[in-house]
Amino acid sequence: MRQLFIVFSLIGSFIVFSLTINLFDTMFMFLLFGILPGRAEPLSANHMLTIYSVATTGVIGYAVHTQVIALAKLLFRLPTTTPARRSS
């Protein structure tokens, strides 16, 4: 119960903080129109496409990285051999 109270308090504090600094408005203006806080002109379409491409590649890479690792282990599994004994 105490941990749940702490989590809700942290979430509430984050929401109050983000509303105070207009985080949600700034985030949506950046995502939709490429407008950065403190800049007069928005980013160009090429810059926004690059940002979206990097973000999409990162999300997809994070989502499938465990499957890729498992597939690589299956494909590159080397046969295990025991070394030959030396005769003395």
Side-chain angles (χ1 to χ4, degrees):
M1 183 70 179
R2 175 182 272 175
Q3 187 177 8
L4 186 65
F5 181 72
I6 292 172
V7 168
F8 282 137
S9 295
L10 287 173
I11 291 171
S13 297
F14 174 73
I15 290 172
V16 169
F17 174 73
S18 61
L19 289 173
T20 303
I21 63 169
N22 291 329
L23 180 67
F24 298 119
D25 295 339
T26 304
M27 184 175 62
F28 285 122
M29 291 299 283
F30 171 71
L31 291 176
L32 294 177
F33 305 113
I35 298 174
L36 292 172
R39 287 191 63 177
E41 69 278 349
L43 294 175
S44 68
N46 288 334
H47 286 107
M48 288 304 294
L49 181 62
T50 304
I51 292 169
Y52 289 148
S53 300
V54 169
T56 303
T57 304
V59 168
I60 290 173
Y62 179 75
V64 300
H65 80 281
T66 55
Q67 289 85 4
V68 170
I69 290 171
L71 182 63
K73 286 181 181 177
L74 285 174
L75 290 176
F76 298 114
R77 180 178 294 164
L78 297 175
T80 56
T81 59
T82 57
R85 288 189 165 186
R86 289 186 176 175
S87 60
S88 44

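Atoms considered below: every heavy atom in the structure, side chains included; atoms not considered: hydrogens, waters and symmetry mates.
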Residues pairing under salt bridge (charged side-chain N to carboxylate O under 4.0 Å, His left out) where one sits in residues 49-62, two or more places apart or in two chains, turn out to be none
Going by the rule ring pair (Phe, Tyr, Trp, His ring centres under 6.0 Å), which residues pair with Tyr62 if we only count those two or more places apart in sequence or in a different chain? His65
Between OG1 of Thr50 and CG of Leu43, what distance do you get to the nearest 0.5 Å? 10.0 Å
What residues form a side-chain contact (heavy atoms from CB on, under 4.5 Å) with Phe33, not counting sequence neighbours? Met29, Ile35
Which residues pass the salt bridge (charged side-chain N to carboxylate O under 4.0 Å, His left out) test with Arg2, sequence neighbours left out? none
Can you pull the salt bridge (charged side-chain N to carboxylate O under 4.0 Å, His left out) pairs that have at least one residue in residues 50-70, sequence neighbours excluded? none
Would you be so kind as to tabulate the donor-acceptor pairs closer than 3.5 Å made by side chains of residues 10-25, with sequence neighbours excluded?
{"unit_1": "Ser13", "atom_1": "OG", "unit_2": "Ser9", "atom_2": "O", "d": "2.9"}
{"unit_1": "Ser18", "atom_1": "OG", "unit_2": "Phe14", "atom_2": "O", "d": "3.0"}
{"unit_1": "Ser18", "atom_1": "OG", "unit_2": "Ile15", "atom_2": "O", "d": "2.9"}
{"unit_1": "Thr20", "atom_1": "OG1", "unit_2": "Val16", "atom_2": "O", "d": "2.7"}

With Ser44, which residues qualify under side chain to side chain donor-acceptor pair (under 3.5 Å), at least two apart? His47
Any salt bridge (charged side-chain N to carboxylate O under 4.0 Å, His left out) involving residues 51-66? Give me the pairs, sequence neighbours left out, ordered by first then second residue. none
Looking at OG1 of Thr26 and CZ of Phe30, how far apart are the two atoms once the value is rounded to the nearest 0.5 Å? 11.5 Å
Met1 CE to Ile6 CD1 distance, which is reported to the nearest 0.5 Å: 11.5 Å
How many angstroms lie between CD1 in Ile51 and CG in Asn46, if you round to the nearest 0.5 Å? 11.0 Å
Check which hydrophobic residues are tied to Ile69 through side-chain heavy-atom contacts below 4.5 Å, counting indirect links as well, and list them. none
Just wondering, are more than 12 heavy atoms of other shown residues or ligands nearer than 6.0 Å to CD in Gln3? no
Pairwise salt bridge (charged side-chain N to carboxylate O under 4.0 Å, His left out) hits with a residue in residues 37-62, at least two apart: Arg39-Glu41
